[in-house]
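What you see is a predicted model; the values in this text were computed from it and never measured. Throughout, a chain's letter reflects where its sequence line sits, starting with A, and its residues are numbered from 1. FYI, side chains are in, hydrogens and waters are out, and symmetry mates aren't considered; it's all heavy atoms of this structure.
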Amino acid sequence: MSARRLGALLAAVLVVGGGVAIGLYVALFLEASPPPVQAAVIGRRVAALELQTVAEVGHGENSFWVSYYARTPGHKWVHSTILRVPAYSLVHVTVYQYDSATGLRNPLWGQPRGVVGGVMYVNGKPVKVLNPELASHTFAIPELGVSVPLPGVDEEAPNQCSNAPCTLAEAHNTITFTFRTRGPGKYRWQCFVPCAAGFIFGFGGPMQSIGYMDGELEVQSS
Amino acid sequence: MSAAAIPAAGPVREPWWRGLGRFNVFTGIVLGIGGYLIGALVIGHVLSKGIPAQTETNQNDIEFVCGILLGIVGFLVGMGFLNYPIARLTGAAPTLREKEEKGIARYFTLCTDHKVVGIQYLWGVLFFFLVAGLNAMLIRTQLLYPTEHFWSADNYITLVGLHGTMMMMMTTSMVLGPFGNYFVPVMVGAKRMAFPRIEALSFWLLPVAGVVLLAAVGAKGFPTGWTGYANLSVQAKLGMDCYLISFALIGISMALVGFNMLVTVYTMRAPGMTWTRLPIFVWSVIATAFLQLLAAPVLIAGMSLVLLDRVVGTTFFMPFSGGSPFLYENLFWFFGHPEVYILALPGFGLVLEILPVFSRKPLWGYRLAVAGLMGVALLSFFVWQHHLFVSGINPDLRPFFMFTTELISIPTALVFLNAMGTLFRGKIRFSVPMLFALALFFNFFIGGASGVFLSDAPSDVSTHGSFFVMAHFHYTIMGGLVFAFFGGLFYWFPKMFGVHLNEKLGKLQFWLFFIFFNLTFFPLFAVGMLGQPRRVSAYSPSLQWLNDWVTAAAYMIGLSFAVFVVNVVYSCFFERRRPEANPWHSKGIEWQLPTPIPVDNFERVPVINASPYEYGTPEAPLVANLNPSHAEVVAAGG
Ligand SMILES: [Cu+2]
Ligand SMILES: [Cu+2]
C-alpha cells in the first residue's frame with residue numbers, strides 16, 4: 001500500500017475514531033445521573049419516602065454544596081434526588097431537615113400546598129403556614145402543585161451535623177406530609193429557596209444540579 | 001510506508017515523526033495542554049486566592065478561564081502563529097508565505113496557500129456538521145416520548161445548546177470557509193488572499209473553538225441554548241465559560257475572514273475585472289464580509305462582558321447594581337440577526353452562481369441581484385429587535401422593527417426574481433448541483449413565508465419560543481444554506497480534488513435529504529402552533545404521534561448524510577473517475593485553470609475580457625486571458 005493510501009486510511013480512521021470518541025463523550029454526559037431511589041411500598045397504593053437536607057455534603061467533589069439525600073427501603077441513605085414512586089398513589093414523605101434557615105423570597109410559599117389536608121407536621125405538630133423567615137428549603141413538584149416549606153434548625157442548637165448523611169442524634173427538624181401522584185412519567189421537583197451559598201443570588205451550583213437541590217420524580221405504573 | 005514506495009530519483013523524505021518537533025498541530029496540542037495547566041493551576045490559582053465565590057463553591061471560573069485562555073495561546077504558539085511577528089520584530093525581511101510543507105502534512109500546519117486553507121475549512125466544517133448532526137439525532141430521540149425520557153432535563157438542555165451553538169458557529173463559515181477561501185482569489189484573478197497568515201489564523205480558530213465548546217460537556221454543561229441569555233448565563237455552571245470563549249473565538253475568526261475577503265476583492269482584482277464582471281458569488285462574499293466585519297465585534301463584546309460578570313464579578317447584566325439583561329439581548333441580537341444573513345447570503349450567491357451554468361443562460365438581472373444582496377446586508381442591521389417583541393421592550397418600538405423586518409423581504413425577493421428569470425426558457429440540466437440549488441428556492445420560500453408570522457408582533461406573541469420558530473429557521477438555514485453548500489460541493493469537488501463525485505449516489509442523497517427534510521420540518525410548524533415549546537423535552541401527550549413522525553424523518557436525514565459519506569469514500573478511493581477539465585461546461589475562471597490549481601493560481605497576471613455569464617453567445621470571448629501581452633494588460637487598465 002502506498003504511503004498516500006496509508007495516509008488517507010489513517011486520516012479516515014482518525015476522523016471516524018474522533019467522531020466515535022466525541023459521541024461517547026456526549027453520551028456518557030447524557031447518561032450521568034445519580035442512582036434512582038425507590039419509595040417503600042407500605043400498602044395498596046400507598047408509599048413512603050424518607051429524605052434529608054444537609055447544609056454541606058462535607059466530603060467528595062462538591063463538599064461545600066447544600067444537598068438532599070434519599071433513603072432506600074433498606075434504610076440506606078443515598079446521595080440522590082431521583083425518586084421512584086408508584087402512580088395514582090398516596091406518598092407519605094418524611095424530611096429530616098439539618099440545614100438552618102435562609103428565608104423565602106416569596107412569603108406565599110410559606111404555605112404547604114398540594115398536600116393532603118393542606119397541612120404538614122413539624123416535629124409532630126400540624127402547621128398550615130410557616131413564618132417565611134424560618135424556611136430553609138422547599139420541596140416542590142410544580143406539575144403536581146406540591147410545594148412544602150421546610151423549617152430550618154436553630155443555628156445555636158448544639159450538635160450540628162457537618163458530614164452527610166446526618167443521623168437522628170444531630171440537630172434536626174422532622175417534617176412529614178402526604179401528596180398524591182398522577183399517571184406515570186417523569187416529573188421535575190426542586191427546592192425553590194435560593195440556598196446555594198457562595199453563588200450569585202444563591203442560584204448557582206447545587207440549585208442547578210440533579211442530586212442536590214434538583215431532582216426527578218419517576219412515577220411508575222404499579 | 002515502505003522505502004520501496006518512494007521513487008528512487010525523488011527527494012529523500014524525512015521520517016514522519018520529525019514533524020512532531022516542528023510548528024504544527026501536534027506541537028500546538030502539546031503546548032495547548034501545557035498552557036491550560038499553567039493557566040489553571042498556577043496563574044488562575046494565584047489570582048483566585050482569597051475569593052470565596054471562586055474557591056469555596058467548587059466552581060472556580062478564574063482558574064478555568066485562565067486555563068482555557070492560556071491553552072489557546074499555547075496552541076497558537078505551537079502552530080507557529082507568533083514566528084513571523086517575532087521574526088519581523090527582530091529585523092527579518094517581510095515574506096508573503098510561510099515555509100510550506102508538502103503532501104498531507106500541510107493540512108496540519110499554518111499554511112498560507114488559500115487552496116489548502118479552503119480544504120482545511122471544508123473538512124473542519126464537515127466534521128463539525130457531523131458532530132452537531134449526531135446531537136440533533138439524540139435530541140429527536142429524547143423527544144420520542146412526551147413524559148418518559150432517556151436523559152434528564154438538565155442534560156437535555158445542554159445537548160440542545162451544544163447542537164445549536166455548534167451549528168451556528170460552523171455555518172458562519174460553511175460557504176465562506178471552504179469555497180470563499182478556495183475560489184474568491186481565483187475568481188478575481190489574484191494569486192493569493194490579501195493577508196495569507198490571517199487567513200490561516202481564521203481557520204485554526206475554528207477547531208480551537210470546537211474543542212473549547214465540546215469541553216463544556218465535561219464542565220457540567222450550559223443551560224442557555226445557543227443564545228446564552230444573561231443573567232441565566234451569569235449564574236450558570238463552568239460549562240458556560242466554554243460557550244462564551246468559543247463563541248468569541250468564532251467572532252474573531254469571522255471578523256478576520258470578513259476583513260481579509262474585503263481587502264482581497266477590493267485591491268487584488270486582475271486587470272479587466274470590473275465590478276460588473278465580478279462573479280455573483282464574489283458579490284455575495286462582499287455582502288457577507290461587511291456583515292461579519294461589522295457584527296462580529298459586537299458578539300465578541302457581548303461574550304467578553306458576560307465572561308467578566310462571571311469571572312471578576314462585574315455586573316453589566318445584573319440589575320441589582322445598575323446592569324441590565326436587556327443589554328445582553330441587544331448586544332446578542334445586534335450580532336445575531338446579521339448572523340442569519342451571514343448564513344443566508346453566501347448560499348444565495350452560490351446558487352446564483354450555479355443556476356446560469358446549468359440553464360445555459362446569462363444570470364438574469366445581474367445588477368438587481370447585487371442590489372438585492374447589498375440591500376439585505378444593509379437592512380439586516382435594522383431589524384434585530386424582532387427577537388425581543390415579547391421580552392418587555394418598549395412596545396412603541398415594535399412597529400418600527402416589524403416594518404424593517406418585513407421590508408427585508410423585498411431585496412430577498414429580488415434574488416428569487418433573478419433565479420426565476422435565469423431559469424425561464426433555459427436549457428436546464430438536472431445535475432446534482434442544480435438539484436440542490438433549485439431546492440434552496442423551494443425551502444427558502446417556506447422559510448421566508450413563515451418568517452412573516454414571526455416578524456409580525458401580534459402573531460409572534462403566540463409563536464415565539466415554540467417549535468414554529470425552530471421550524472422557520474431550520475427551513476432558512478438548513479433548507480437554504482446547507483442545500484447551497486452541498487450544491488457548491490458537488491459543483492466544485494472535481495476542481496478541488498480532481499475527482500468527480502458519483503452522480504447516482506449524489507441524486508440519492510439529494511432526494512432523501514430533500515424529501516425527509518421537508519417531512520421533518522414542515523410538521524414542526526404544526527407542532528409549534530399547537531404549543532410545543534423549544535428546548536424543553538416534556539410536551540403534551542397529544543403531540544406524541546407528530547413528534548414520533550418527525551423523529552423518524554430526522555433519522556432519514558441522517559441516512560442521507562451517510563449516503564454522502566459513502567459517496568465521498570467510494571468516489572475518491574474506489575471509482576476515482578477523473579473529471580473532464582470542465583465537466584459542467586462553465587465559463588468561470590476557475591475552470592480555465594488546470595486541476596489541481598497550481599500554488600500561485602496564475603503564471604502571469606491574467607486579463608479579464610468578459611463577464612462569466614455569457615452563455616448562449618457563441619462569439620463571447622474566454623473570460624480570462626491567462627497569457628496576456630503587455631499591451632493587453634495596459635489596455636485593461638493594469
Ligand atoms: Cu434548597
Ligand atoms: Cu432576526
Begin with the C-alpha distance, continue with both residues' side-chain angles, and end with the deciding distance and a verdict on side chain to side chain contact (heavy atoms under 4.5 Å, CB included) for V26(A) and H163(B).
CA-CA 11 Å; V26(A) 173; H163(B) 163 77; over 6 Å; no
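- Without hydrogens or angle criteria, K186(A) side chain to T147(B) main chain gives no donor-acceptor distance under 3.5 Å.
- Options P223(B), C572(B), S152(B) differ in how many heavy-atom pairs under 4.5 Å they form with chain A, and the most are formed by S152(B).
- At a 4.5 Å heavy-atom cutoff, the contact between V234(B) and chain A is made by backbone and side-chain atoms alike.
- Proximity to chain A is limited to the side chain of Q59(B), based on heavy atoms less than 4.5 angstrom apart.
- Interface remark: A196(A) contributes no atoms to any contact with chain B (heavy atom separation under 4.5 Å).
- Looking at N135(B), only its side chain comes within 4.5 Å of chain A, counting heavy atoms on both sides.
- For L138(B), the part lying under 4.5 angstrom from a heavy atom of chain A is the side chain only.
- Only the side chain of V131(B) comes within less than 4.5 Å of a heavy atom of chain A; its backbone N, CA, C and O stay farther away.
- Between K220(B) and S209(A), the side chains place no donor N or O within less than 3.5 Å of an acceptor N or O (distance only, hydrogens not considered).
- Counting non-hydrogen atoms of neighbouring residues, nucleotides and ligands closer than 6.0 angstrom, the OH atom of Y145(B) reaches no more than 12 such neighbours.
- Comparing H149(B), Q142(B), Q54(B) by how many heavy-atom pairs each has under 4.5 Å with chain A, the most go to H149(B).
- F320(B) touches chain A through its side chain: at least one heavy atom from C-beta onward sits under 4.5 Å away, while N, CA, C and O do not.
- Side-chain atoms of N58(B) come within 3.5 Å of backbone atoms of E61(A) as a donor-acceptor pair (strictly under, hydrogens ignored).
- Side-chain contact check for T55(B) versus F64(A): every heavy-atom pair is 4.5 Å or farther apart.
- Of the possible donor and acceptor atoms, one in the side chain of Q208(A) sits under 3.5 Å from a partner among the backbone N and O of Q235(B).
- From D309(B), atom CG reaches atom CD1 of I200(A) across 7.0 Å, with rounding to the nearest 0.5 Å.
- Highest contact tally toward chain A, considering only A236(B), P541(B), P146(B), is held by A236(B) [criterion: heavy-atom pairs under 4.5 Å].
- Considering L159(B), T141(B), T158(B) in turn, L159(B) is the only one that fulfils the side chain to side chain contact (heavy atoms under 4.5 Å, CB included) rule with L30(A).
- With a 4.5 angstrom heavy-atom cutoff, L214(B) touches chain A via backbone and side-chain atoms both.
- Counting only distance, with no hydrogens or angles, the side chain of N155(B) and the backbone of E31(A) share no donor-acceptor pair below 3.5 Å.
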